[in-house]
Q: 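Can you read through this structure? Questions will come right after.
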Amino acid sequence: MVTRDWKLRATVRVETWVRAVSERVRGRERDAGAGFVEYAGLMILIAGIFVMIKGLNLAGTISGAIGTAVNNVIGG
């Protein structure tokens, strides 16, 4: 009985979430203009990763690991 109630509540919550998200994406109150903000946030995040890699001098380590992985895949 408890498991059944839990599943029912979880299902209702998921359905409510799906309706809310679909309304935001396609409905009257969609997030118009949010794409630019998300794009800018993503660019800031990527730039931060590159700064961290350069600051920690990991460029050589990362490129070496990628080269080793590629050689393992192609058998070289």
Side-chain angles (χ1 to χ4, degrees):
M1 181 82 159
V2 173
T3 304
R4 194 171 179 188
D5 291 339
W6 178 83
K7 287 181 182 178
L8 178 63
R9 282 183 287 171
T11 302
V12 169
R13 286 182 181 164
V14 169
E15 289 174 356
T16 303
W17 178 80
V18 168
R19 274 195 301 268
V21 169
S22 65
E23 179 65 27
R24 278 195 126 174
V25 171
R26 290 182 244 150
R28 287 180 292 153
E29 299 187 29
R30 65 178 194 199
D31 292 335
F36 175 75
V37 174
E38 293 164 355
Y39 179 75
L42 188 60
M43 291 297 109
I44 291 170
L45 180 67
I46 291 170
I49 291 170
F50 277 107
V51 168
M52 183 183 69
I53 288 171
K54 184 158 177 84
L56 295 173
N57 293 323
L58 294 176
T61 305
I62 292 172
S63 64
I66 292 172
T68 301
V70 169
N71 284 334
N72 289 340
V73 170
I74 62 174

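Start at 1 with the first residue, then count along the sequence.
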Q: Just to verify, what does I66 make a side chain to side chain contact (heavy atoms under 4.5 Å, CB included) with, not counting sequence neighbours?
A: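 I66 satisfies side chain to side chain contact (heavy atoms under 4.5 Å, CB included) with I62, V70 once adjacent residues are dropped.
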
Q: Return a table of donor-acceptor pairs under 3.5 angstrom between the side chains of residues 54-61 and protein atoms on other chains or two or more places apart.
A:
none

Q: Holding to side chain to side chain contact (heavy atoms under 4.5 Å, CB included), I want the full list of residues that pass it with M43, two or more places apart in sequence or in another chain.
A: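 Residues passing side chain to side chain contact (heavy atoms under 4.5 Å, CB included) with M43: Y39, I46.
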
Q: Please answer: with hydrophobic residues joined when any side-chain heavy atoms are less than 4.5 Å apart, are M52 and I44 in the same cluster?
A: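 M52 does not cluster with I44.
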
